[in-house]
Amino acid sequence: MHQPTTEPRRSIYYDYRIHQPWLPSQHGPQPRHQVVIAGGGPVGMTAALELARHGVPCVLLESELQVSEGSRAIVFTRRSMEILQQVGVADRVTQHGLPWRFGNSFYRGQRVFRMEAPQDDNDRFWPMINLQQQYLEEFLVDACEASPLIELRWGNRVTGLVQHADHAVVEVDTPEGPYPLETEWLVASDGARSGLRSLLDLKLEGASYEGRFVIADIRIDLPLPTERLAFFDPEWNPRNTVLMHREPLNIWRVDYQLPEGETPEQALEPESLKSRINAQLELIGHGGKTWEMDWCSVYSARTLTLPDYRCGRTLFIGDAAHLLPIFGVRGANTGFQDAQALGWRLGLICSGQAHESLLASYSTERVGAAREIIDEAGKSTRFMTPPSRGFRLLRDAVLSLSLTEAFVRPLYHWRTSRPHEYSGSALNSAGDDNALFQSGPAHGAPPANVRLGADDFLLDHLGGGFDLLVFGTTVPADVQATVKAWQAKGLKLRVLLIGQGASANGADACLPDPEGRARARWGVRTDGAAYLLRPDQHVCARWMTLDAHRLSAALQQATTGVAP
Ligand SMILES: Cc1cc2nc3c(=O)[nH]c(=O)nc-3n(C[C@H](O)[C@H](O)[C@H](O)COP(=O)(O)OP(=O)(O)OC[C@H]3O[C@@H](n4cnc5c(N)ncnc54)[C@H](O)[C@@H]3O)c2cc1C
């Protein structure tokens, strides 16, 4: 019998709320559900909210009675914020988080590189915002509990799974014993140690790195801005790396690499933690300041992914699908994109507007994204924790040269998480004008935001389904007719006319573009150009001049993966 702890987790700044378990005896017989999500972490909850946005109800099973322990993912990217905006929690993250865009790398007491993440007046969100994962999870829980389409069952642990051709039967254990639950689709978001991966005997592919880090959150009042700090080969920790991040509420994350051969148990001994954190504070000129430990853990980097995110009726997302190094803030930020990519496809399938074969593109796109991230993250991981003598020699050469030579300094820059461009996706239109554009978001790219007013941005107007952005002052009559025909079949499709303030026939929204910002960012030169965005806002077609026939072809391809 599953007995999740009812003791709130310990924290010096966060009050854990214990939720009531969902017990089968208090509910009637269970019908077959369309979607069950196993794992109510940040990615599972985002998937539930995405599904709700597309009108699909789901049951969300969470093994524990409270949100996760420790701050874990603390840096959320602009793209994550755009996704969280869609599911209604971005405002709360903005309200509580600390935005930032600079990173500093130090070697031998000298700042050798300053990273500056691009920030444009056209972006609603900062490149990065720091917030402890517990808060983000709390905001997502509130949003899930407020949704009539999401049934969040606390204290429900998935322990068994039998898959059939058109459904799966999940065994769920609770504080009063197990019960079976039938579902057409099972979303596996049960985290890094995914039990569902094991139940299905699926193996992750990739590498695990030797270098171990202590991750410690301390409360301390430091008069420093919110910028990432990285120290290479500091005197107190020779040959190793130390990172520092500011979190809200005067909490600081200190990550330091352990000397080779040290065990996690040795590393987490109170005396060891104390002396090393004191040494780091000394290094930044704040030695002797009082601080308090909140949470600490030992971490080592892994770059692993399942080769396919679909197994029968089960679909993997988040850490259950891939394990990515936290350098470059890749864990949760990648998971949100999985949730978004899966949500709209399941939405179309569950409402009968797409065949389940559409899911093949979910797996191809997201496995491709994970492999790209693994490639990039591998480079940063090898720089931070060189895995061999050769890599160390190279890294040390960059470090010492950087003291005098500016040209090597950019080599310090490990790229942070960014949205994958599905440039080779089967959903991209085969017959559009993608290749004719000289700029603007291309096939598979995420959208470019544009400021339309003091507190008004283009992406605020997207959402809920496919969006057709038409640049100009009118929507051609044949395009209007085609849009209506697709809407009549049940497809959510909106038309946004950009460059026209007043209302216009066939447009769901008319957005003025007096300074031509939208045209410039989207690479549009003439009236009549158009973009088609999928419900996850990625571009699947663009035209210099839109016509009804090509629009219909693009919609068909985007909902089937097959060119007409
Ligand atoms: C120490 C640490 C530090 C990290 N730091 C960062 C960072 O700085 N930046 C970053 O981007 N990422 C970081 N991460 C990674 C980040 O926390 C994860 O990528 C993120 O939590 C993944 O979300 P998820 O929802 O996929 O999985 P999880 O957050 O692991 O959620 C899985 C959920 O499933 C539940 N569950 C598990 N098994 C079952 C079951 N059988 N039945 C029902 N429910 C189940 C769990 O209780 C949990 O709530 C860190 C992780 C750790 C461990």
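Since we're looking at a predicted model, the values are computed, not measured. Atoms within each ligand, like the ligands themselves, are counted from 1 in listed order.
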ask   = Is there a heavy atom of M45 sitting under 4.0 angstrom from any atom of ligand 1?
value = no
query = Do R534 and E365 sit within salt-bridge range, that is, some charged N less than 4.0 Å from a carboxylate O?
reply = yes
ask   = In ligand 1, which numbered atoms sit nearer than 4.0 Å to a non-hydrogen atom of I215?
value = 1 (C), 3 (C)
inquiry  = With the threshold set at under 4.0 angstrom, would you say N156 reaches ligand 1 through any of its heavy atoms?
reply    = yes
inquiry  = D338 vs R366, test: salt bridge (charged side-chain N to carboxylate O under 4.0 Å, His left out). Steps then yes/no.
reply    = CA-CA 6 Å; D338 297 337; R366 294 312 300 162; 2.7 Å; yes
message = Within the 4.0 Å heavy-atom shell around G191, which atoms of ligand 1 are there?
response = 27 (O), 30 (O), 32 (C)
G195 heavy atom under 4.0 Å from ligand 1 = no
ask   = Are any of the N/O atoms in R72 less than 3.5 Å from those in ligand 1?
value = yes
ask   = Would you say A332 touches ligand 1, if touching means a heavy atom closer than 4.0 Å?
value = yes
key: R310 bridged to E356 by N-O distance under 4.0 Å   = yes
request  = May I ask you to say whether R276 pairs ionically with E269, meaning some side-chain N is under 4.0 Å from a carboxylate O?
outcome  = no
message = I need the atoms of ligand 1 closer than 4.0 Å to a non-hydrogen atom of L61, numbered in the order shown.
response = 43 (C), 44 (N)
query = Should the pair W22 and Y179 be assigned to parallel (<30°), tilted (30 to 60°) or perpendicular (>60°) ring geometry?
reply = tilted
ask   = In terms of side-chain geometry, is the basic nitrogen of E151 or R153 positioned less than 4.0 Å from the acidic oxygen of its partner?
value = yes
task = Kindly identify the option in G155, G41, G318 whose heavy atom sits closest to atom 31 (O) of ligand 1.
result = G41
For ligand 1, the portion of W295 having any non-hydrogen atom under 4.0 Å away = side chain
inquiry  = Using heavy-atom distances only, which candidate in E137, Q133, E69 approaches atom 21 (O) of ligand 1 most closely?
reply    = Q133
query = Which residues satisfy the side chain to side chain donor-acceptor pair (under 3.5 Å) test with D142, sequence neighbours excluded?
reply = R17, R92
message = Taking CG in D15 as the centre, count heavy atoms belonging to other residues, nucleotides or ligands within less than 6.0 Å. Is the count above 12?
response = no
inquiry  = Less than 6.0 angstrom separating the ring centers of Y14 and Y135, yes or no?
reply    = yes
note = At under 4.0 Å between heavy atoms, what of R253 touches ligand 1? The answer is side chain
task = Taking ring-ring contact (aromatic ring centres under 6.0 Å, His included) as the test, write out the residues that go with F125, two or more places apart.
result = none
inquiry  = Using heavy atoms and a 4.0 Å limit, tell me yes or no: is S189 in contact with ligand 1?
reply    = yes
query = When you look for heavy atoms under 4.0 Å from ligand 1, do you find them on the side chain of D190, its backbone, both, or neither?
reply = both
note = Looking at T46, I317, V158, V214, the heavy atom closest to atom 41 (N) of ligand 1 belongs to V158
